[in-house]
Amino acid sequence: MHNKNHKKTRQLLAPAAALASALVLSLAGGAALAQTWPARPISLIVPFPAGGTTDVLARAVGQELSKSLGQPVVVESKPGAGATLGADFVAKSKPDGYTLLMGAVHHTIATSVYKKLPYDFQKDFAPVTTVALVPNVLVVNPNVPASNVKELLALARAEPGKLTYGSNGNGTGQHLIGAQFEGMGGVQLLHVPYKGSGPLTVDLLGGQITMSFDTITPVLPQIKAGKLRALAVTTIKRSPALPDVPTLDEAGLKGFDLGTWFGILAPAATPPDVVVRLNTELVKIIQSPEFRKKMADIGAEPIGNTSGQMARQIKDDTERFSKLVKDARVAIE
């Protein structure tokens with residue numbers, strides 16, 4: 001009788017033991033990968049064309065990360081569909097720490113704007129860290145007869161739907177800021193989507209569009225050279241890069257507070273050890289005096305938070321923008 005019970009217990013325990021040893025092996029595999037990682041170059045995917053803030057930040061981070069990891073970090077552009085094509089590429093990449101995304105606030109907005117996204121931004125990615133926050137700035141071509149927000153709003157009211165604003169694509173931060181500006185200012189503007197800041201800035205300088213709400217980085221040199229006129233920043237606080245430019249809140253659109261954050265994410269099933277190592281190296285880089293100076297020069301505020309903090313930021317922004325998108329009736333044309 002005792003033998004029978006003993007045999008039965010052994011039979012019951014066998015699957016559990018097999019499962020435990022499989023778990024140990026898989027954890028050991030993950031740890032082994034983390035110990036040997038990185039053994040080859042890493043791809044950092046930028047979901048916009050070269051020349052915009054996402055690209056500038058990716059190159060600044062990539063350069064330092066390749067030094068600290070001892071492997072090249074190759075920045076690759078995969079633009080299109082309001083930054084969602086690049087995100088989809090990374091979401092479906094092998095989760096081994098060799099393909100990363102330079103994500104941005106745009107991805108939390110796209111969740112509400114696009115009817116059917118081929119990925120879930122909260123479930124299909126492992127957030128690593130937020131690199132920087134960059135205020136957006138309302139700039140106009142110097143030929144536009146408006147030297148402040150009040151004059152621009154008067155001009156827009158006089159000719160509804162005639163003034164145009166460019167964005168980095170449907171469902172991006174600039175698109176939403178433009179829609180919010182229309183709603184709060186009681187005006188009608190014509191939205192012109194581009195694939196990124198590079199082509200957008202070219203058309204803005206050429207006078208093909210009236211204004212844009214782009215991040216400070218790509219337009220700062222043109223503002224300083226007098227080729228574009230800055231009317232207001234979109235965050236609640238003024239930008240140290242443009243201390244004389246008022247906020248939209250100061251200009252009469254009370255409570256206006258929208259900026260753009262940029263951060264690094266990996267595919268969801270990336271080994272936790274790799275994510276921790278990446279976070280440690282990146283935070284060190286982001287908080288270094290050299291990097292902080294580089295960020296100040298381009299109008300960016302360095303962050304460098306934990307994976308958990310970035311995940312919460314994504315969750316909160318997704319909820320906040322869902323409401324804004326509904327209120328502003330932003331939809332893909």
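Counting from 1, the numbers follow the sequence of the chain as shown. Scope of the values below: all heavy atoms of this structure, side chains included, with no hydrogens, waters or symmetry mates.
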Inset, instruction - Flag the pair Leu101 / Pro47 as yes when at least one side-chain heavy-atom distance between them is below 4.5 Å, and no otherwise. - result: yes
Inset, instruction - Ignoring hydrogens and angles, tell me if any N or O in the side chain of His107 forms a donor-acceptor pair with the backbone of Ala104 under 3.5 Å. - result: yes
Inset, instruction - Evaluate whether atom NZ of Lys254 has more than 12 neighbouring non-hydrogen atoms of other residues, nucleotides or ligands under 6.0 angstrom away. - result: yes
Inset, instruction - Report yes or no: does Arg292 contribute a side-chain atom to a donor-acceptor pair with the main-chain N or O of Gln287 at less than 3.5 Å? - result: no
Legend entry - Spacing of CG belonging to Leu265 relative to CE belonging to Met102, to within rounding of 0.5 Å: 10.0 Å
Legend entry - Exam field: side chain Tyr98 to backbone Ala39, donor-acceptor pair closer than 3.5 Å: yes
Inset, instruction - State, to 0.1 Å, how close Pro142 and Gly226 come at their nearest heavy-atom pair, and which atoms those are. - result: CG-O, 3.9 Å
Legend entry - Separation between CZ of Phe213 and CG of Leu138, rounded to the nearest 0.5 Å: 5.0 Å
Inset, instruction - Before giving the answer on side chain to side chain donor-acceptor pair (under 3.5 Å), spell out for Gln222 and Thr201 the whole-Å C-alpha distance, their side-chain angles and the decisive distance to 0.1 Å. - result: CA-CA 9 Å; Gln222 279 81 16; Thr201 309; 5.9 Å; no
Inset, instruction - Please round to the nearest 0.5 Å and tell me the distance separating atom OG of Ser112 and atom CG of Leu117. - result: 9.5 Å
Legend entry - Euclidean distance, His175 NE2 relative to Asn170 CG, rounded to 0.5 Å: 5.5 Å
Inset, instruction - Step by step, work out the side chain to side chain contact (heavy atoms under 4.5 Å, CB included) result for Leu163 and Leu152. - result: CA-CA 9 Å; Leu163 301 191; Leu152 183 69; 4.1 Å; yes
Inset, instruction - Indicate the atoms forming the closest heavy-atom contact of Gln180 with Phe256, along with that distance. - result: CG-CE1, 3.3 Å
Inset, instruction - Can you measure from CD (Glu182) to CD (Gln188) and round to the nearest 0.5 angstrom? - result: 7.5 Å
Inset, instruction - Anything under 30° is parallel, anything over 60° is perpendicular, the rest tilted; go ahead and classify Phe121 against Tyr119. - result: perpendicular
Inset, instruction - Would you mind reporting whether Met184 and Leu248 have side-chain heavy atoms less than 4.5 Å apart? - result: no
Legend entry - Intermediate values then yes/no, side chain to side chain contact (heavy atoms under 4.5 Å, CB included), Leu258 and Phe181: CA-CA 11 Å; Leu258 286 170; Phe181 180 81; over 6 Å; no
Inset, instruction - Report yes or no: do Val283 and Ile264 belong to one cluster of Ile/Leu/Val/Met/Phe/Trp/Tyr joined by side chain heavy-atom distances under 4.5 Å? - result: no
Legend entry - Side-chain heavy atoms of Val187 within contact of Leu155, under 4.5 Å: no
Legend entry - Under 3.5 Å: donor-acceptor pair, side chain of Arg277, backbone of Leu69: no
Inset, instruction - Please report the shortest heavy-atom distance between Gly169 and Pro193, naming the atom on each side. - result: CA-CB, 3.9 Å
Legend entry - Ile209: which of Val140, Leu200, Leu190, Asn141 passes side chain to side chain contact (heavy atoms under 4.5 Å, CB included): Leu200
Legend entry - Option passing side chain to side chain contact (heavy atoms under 4.5 Å, CB included) with Glu76 (candidates Leu44, Val46, Ile45): Ile45
Inset, instruction - Would you sort out whether Ile223 and Val139 count as a side chain to side chain contact (heavy atoms under 4.5 Å, CB included), showing the intermediate values? - result: CA-CA 8 Å; Ile223 293 168; Val139 285; 3.7 Å; yes
Inset, instruction - For Thr129 and Thr306, indicate whether the former's side chain and the latter's backbone hold a donor-acceptor pair under 3.5 Å. - result: no
Inset, instruction - Measure the spacing between CG of Leu278 and CG of Leu65 and express it to the nearest 0.5 Å. - result: 6.5 Å
Inset, instruction - State, yes or no, whether a side-chain contact exists between Asp96 and Trp37 at a heavy-atom distance under 4.5 Å. - result: no
Legend entry - Closest non-hydrogen atom pair between Ala241 and Gly299, with its separation: CB-CA, 3.6 Å
Inset, instruction - Go through the steps to decide whether Val73 and Leu100 satisfy the test side chain to side chain contact (heavy atoms under 4.5 Å, CB included), and finish with yes or no. - result: CA-CA 10 Å; Val73 174; Leu100 306 172; over 6 Å; no
Inset, instruction - Have a look at Val233 and tell me which of Ile216, Asn136, Asp249 forms a side chain to side chain contact (heavy atoms under 4.5 Å, CB included) with it. - result: Ile216
Legend entry - Min side-chain heavy-atom separation His106-Thr260 under 4.5 Å: yes
Inset, instruction - For Ser307, check side-chain contact (heavy atoms from CB on, under 4.5 Å) against everything at least two apart and list the hits. - result: Val275, Asn279
Inset, instruction - Please list, chain by chain and in numerical order, all residues satisfying side chain to side chain donor-acceptor pair (under 3.5 Å) with Glu319, sequence neighbours excluded. - result: Lys315
Legend entry - Neighbour count >12 (heavy atoms, 6.0 Å) for atom NZ, Lys92: yes
Legend entry - Linked, directly or transitively: Leu242 and Ile236 (ILVMFWY side chains, under 4.5 Å): no
Inset, instruction - Please step through side chain to side chain donor-acceptor pair (under 3.5 Å) for the pair Asp257 and Thr235, ending with a clear verdict. - result: CA-CA 4 Å; Asp257 183 21; Thr235 42; 5.3 Å; no
Legend entry - Side chain to side chain, Glu250 and Arg238, heavy atoms closer than 4.5 Å: yes
Legend entry - Electrostatic pair Lys294:Asp297 at N-O distance under 4.0 angstrom: no
Legend entry - Minimum heavy-atom distance between Ile109 and Gly171, given as atom pair plus value: CG2-O, 3.3 Å
Inset, instruction - Measure the shortest side-chain to side-chain distance between Ser322 and Val325 over non-hydrogen atoms and say whether it is less than 4.5 angstrom. - result: no
Legend entry - Phe89 and Thr99, any side-chain heavy atoms less than 4.5 Å apart: yes
Legend entry - Pair Thr108, Thr318: side-chain N/O donor-acceptor within cut-off below 3.5 Å: no
Inset, instruction - Verify, without hydrogens or angle tests, whether Lys284 (side chain) and Ser68 (backbone) share a donor-acceptor contact under 3.5 angstrom. - result: no
Legend entry - Shortest non-hydrogen contact from Asp214 toward Gln174: OD1-NE2, 2.9 Å
Legend entry - Residues Glu290, Lys293: salt bridge by 4.0 Å N-O rule: no
Quick one: side chains of residues 77-84, donor-acceptor pairs under 3.5 Å with protein atoms, not counting sequence neighbours, listed by atom name and distance.
unit_1: Ser77; atom_1: OG; unit_2: Phe48; atom_2: O; d: 3.1
unit_1: Thr84; atom_1: OG1; unit_2: Ala81; atom_2: O; d: 2.6

